[in-house]
Amino acid sequence: QVQLVESGGGLVQAGGSLRLSCAASGRTFSSYAMGWFRQAPGKEREFVAAMRWSGGSTYYADSVKGRFTISRDNAKNTVYLQMNSLKPEDTAVYYCAADRILTTTLTYDYWGQGTQVTVSS
């Protein structure tokens, strides 16, 4: 059974940093794409960042480009989202997702439960 478990969310002041983790288990993810999405109150879930577990190019939403970095640790089966220069508009529940196809859409097969990130002004 595939499990994606996010952690690392919390409350931070504007300009601060957080690192989210997504621990993946239940299958071999080497051929999978991993994505981060977020959903703010009253808004639709939106793409944040994605990459292939095997490495290569990374992809970011324009709103986070230059501030967020997606990476992975193969030994720990964990994907990270390093978030710097956080803004109040980054406040949302952040979700990790996995799928065989790398895409910026919401069509990922597997999703985590989400972790809350709150940025105060």
Side-chain angles (χ1 to χ4, degrees):
Q1 181 180 354
V2 174
Q3 269 199 317
L4 302 175
V5 180
E6 301 97 334
S7 61
L11 174 64
V12 64
Q13 287 189 332
S17 298
L18 282 174
R19 188 178 77 160
L20 306 184
S21 300
C22 171
S25 62
R27 70 177 311 130
T28 302
F29 288 92
S30 57
S31 63
Y32 273 65
M34 303 299 294
W36 284 98
F37 292 78
R38 66 186 182 186
Q39 188 166 17
K43 295 188 176 181
E44 294 186 351
R45 194 171 298 189
E46 65 177 5
F47 169 76
V48 175
M51 68 179 296
R52 287 216 154 271
W53 197 280
S54 57
S57 299
T58 54
Y59 303 87
Y60 298 95
D62 288 343
S63 58
V64 306
K65 207 169 289 184
R67 300 188 297 122
F68 290 11
T69 303
I70 187 172
S71 63
R72 86 272 189 248
D73 184 327
N74 290 337
K76 296 183 178 180
N77 241 27
T78 299
V79 176
Y80 301 100
L81 185 68
Q82 177 67 43
M83 307 186 296
N84 298 328
S85 301
L86 283 161
K87 305 175 181 180
E89 50 263 44
D90 294 319
T91 295
V93 177
Y94 283 71
Y95 297 90
C96 173
D99 196 271
R100 290 190 179 277
I101 299 174
L102 193 155
T103 175
T104 61
T105 65
L106 300 177
T107 55
Y108 282 65
D109 280 341
Y110 305 106
W111 292 84
Q113 84 288 349
T115 185
Q116 176 71 46
V117 171
T118 303
V119 184
S120 63
S121 56

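Fair warning: this is a prediction, and the values are worked out from it, not measured in the lab.
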*Considering only heavy atoms from C-beta outward, does the side chain of V119 approach that of M83 to under 4.5 Å?*
no

*Does any N or O in the side chain of R67 come within less than 3.5 Å of the main-chain N or O of S85, such that one atom is a donor and the other an acceptor?*
yes

*Are L4 and L18 connected, step by step, through hydrophobic side chains (Ile, Leu, Val, Met, Phe, Trp, Tyr) whose heavy atoms are closer than 4.5 Å?*
yes

*Donor-acceptor under 3.5 Å (N77 side chain, S25 main chain)*: no

*Within the side chain of Q82, is there an N or O that forms a donor-acceptor pair under 3.5 Å with the backbone of T69?*
no

*asked:* Between L106 and L102, is there shared hydrophobic-cluster membership here, with clusters defined by ILVMFWY side-chain heavy atoms closer than 4.5 Å?
replied: yes

*Okay, side chain of R52, backbone of R100: is any donor-acceptor separation there less than 3.5 Å?*
yes

*asked:* Test salt bridge (charged side-chain N to carboxylate O under 4.0 Å, His left out) on K87 and D90; report intermediate values, then the result.
replied: CA-CA 5 Å; K87 305 175 181 180; D90 294 319; over 6 Å; no

_Check the orientation of F37 and Y108. Use parallel for under 30°, tilted for 30 to 60°, and perpendicular for over 60°._
perpendicular

*Exceeds 12 heavy-atom contacts within 6.0 angstrom, atom NZ of K43*: no

*Under 3.5 Å, side chain of N84 to main-chain N/O of S17, donor-acceptor pair present?*
no

*asked:* Please give me the minimum heavy-atom distance between N74 and W53, naming the atom from each residue.
replied: OD1-NE1, 2.9 Å

*Is there a side-chain contact between C96 and W36, using heavy atoms and a 4.5 Å cut-off?*
yes

*Yes or no on side chain to side chain contact (heavy atoms under 4.5 Å, CB included) for Y60 and I70, after CA distance, side-chain angles and deciding distance?*
CA-CA 9 Å; Y60 298 95; I70 187 172; 3.4 Å; yes

*Write down the atom of M34, the atom of C22, and the distance for their closest heavy-atom approach.*
CE-SG, 4.4 Å

*Check step by step if side chain to side chain contact (heavy atoms under 4.5 Å, CB included) holds for Q116 and T91.*
CA-CA 8 Å; Q116 176 71 46; T91 295; 4.0 Å; yes

*So, does E6 use its side chain to make a donor-acceptor pair with the main chain of G114 at under 3.5 Å?*
yes

*From D99 CG over to S31 OG, what is the distance, rounded to the nearest 0.5 angstrom?*
10.0 Å

_Test of understanding: clusters of I, L, V, M, F, W, Y form through side-chain heavy atoms closer than 4.5 Å, transitively. Do W111 and M51 belong to the same one?_
no

*asked:* If we ignore hydrogens and angles and just use 3.5 Å, is the side chain of T78 paired with the main-chain N or O of K76 as donor and acceptor?
replied: yes

_What I'd like to find out is whether the side chain of V117 reaches to under 4.5 Å of the side chain of L20, using heavy atoms alone._
yes

_Counting C-beta onward and ignoring hydrogens, is there a side-chain heavy-atom pair between F47 and T103 closer than 4.5 Å?_
no

*Verify same cluster id: V48, L86 (apolar side-chain graph, 4.5 Å)*: yes

_Between S30 and T28, do the side chains contain a donor N or O and an acceptor N or O under 3.5 Å apart?_
no

*Taking all atoms of both residues into account, what is the closest heavy-atom pair of R38 and S63, and its distance?*
NH2-OG, 3.4 Å

_In one Ile/Leu/Val/Met/Phe/Trp/Tyr side-chain cluster, 4.5 Å: V5, Y80_ = no

*Relative to each other, are the rings of Y32 and Y110 parallel, tilted or perpendicular (30° and 60° limits)?*
tilted

